[in-house]
Amino acid sequence: GLVAAATTGGAVLAVPALALDALTREVRRIGSIALRMARAALSAERPAGSALAADQAVVDRLTVTVGEFSSRLYRASLARDSAARLPVILRVARYYDSVSELAVEMARAPEPLAPVAGRLGEDTAAFLAAVAKLLELYPEFDLEKAVLEHEKFSFERSYIDLAVEGLRKAGVPRRLA
């Protein structure tokens with residue numbers, strides 16, 4: 001995996017496209033562990049704290065390795081599109097790390113999820129049901145789709161900004177553009 005690639009003297013780094021693929025695979029691995037932890041923390045059966053702690057230690061180690069490897073990769077000569085993907089991949093890795101940390105915190109809570117009264121309780125229950133359904137519908141998060149969606153959103157955002165700027169230059173009042 002990436003741990004071996006990071007310690008082989010840069011052989012994988014010599015081919016940036018391969019290095020980016022290795023980084024993507026490692027982030028997917030982090031994601032698999034983090035999502036497994038989230039499912040366990042949200043399940044009716046309380047997960048063993050030691051199992052989640054062991055998974056958290058793996059996620060922490062992999063996240064540090066991903067950070068170190070990406071730092072070395074960033075200094076390599078990346079093609080423009082690969083360089084643009086790198087921050088997105090790292091952001092996804094941070095999200096997975098946060099998911100794993102939250103799963104451990106949920107498991108440490110004295111009750112699975114203490115009931116909350118009133119509207120907040122209903123909203124909390126609805127949110128947890130939605131998260132559980134999302135994890136059921138998408139058992140494996142697809143990093144490539146996330147990168148494509150991010151690029152699409154970035155493009156759309158840039159296009160909208162340019163269109164608004166063009167409309168303003170054309171004399172359209174600010175409240176309409």
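Excluded from the calculations below are hydrogen atoms, water molecules and symmetry mates; all remaining heavy atoms, backbone and side chain alike, are included.
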Once rounded to the nearest 0.5 Å, what's the spacing between atom [atom1] of [X] and atom [atom2] of [Y]?
X     : Y     : atom1 : atom2 : answer
Ile89 : Ser70 : CD1   : OG    : 9.5 Å
Ser32 : Asp55 : OG    : CG    : 11.0 Å
Ile33 : Arg28 : CD1   : CZ    : 14.5 Å
Leu23 : Arg72 : CG    : CZ    : 12.0 Å
Glu26 : Thr65 : CD    : OG1   : 7.5 Å
Leu73 : Leu90 : CG    : CG    : 9.0 Å

Contacts of type side chain to side chain contact (heavy atoms under 4.5 Å, CB included), residue Asp97, not counting sequence neighbours
Gln56, Val59, Asp60, Thr63, Ser100, Glu101
Sequence-distant partners of Val64, side chain to side chain contact (heavy atoms under 4.5 Å, CB included), two or more places apart:
Glu68
In terms of hydrophobic clusters joined by side-chain contacts under 4.5 Å, are Val66 and Tyr95 together?
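Not linked; separate clusters.
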Between Tyr96 and Val92, is there a side-chain heavy-atom distance shorter than 4.5 Å?
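Side chain of Val92 against side chain of Tyr96, heavy atoms only: contact under 4.5 Å found.
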Taking the side chain as everything from C-beta on, heavy atoms only, tell me whether Val104 gets closer than 4.5 Å to Met37.
yes
Side-chain donor or acceptor of Thr24 paired with backbone N/O of Leu20 under 3.5 Å:
yes
Quick one: closest heavy-atom pair of Leu52 and Ala107, and the distance?
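Heavy atoms of Leu52 and Ala107 come nearest at CD1-CB, 3.3 Å.
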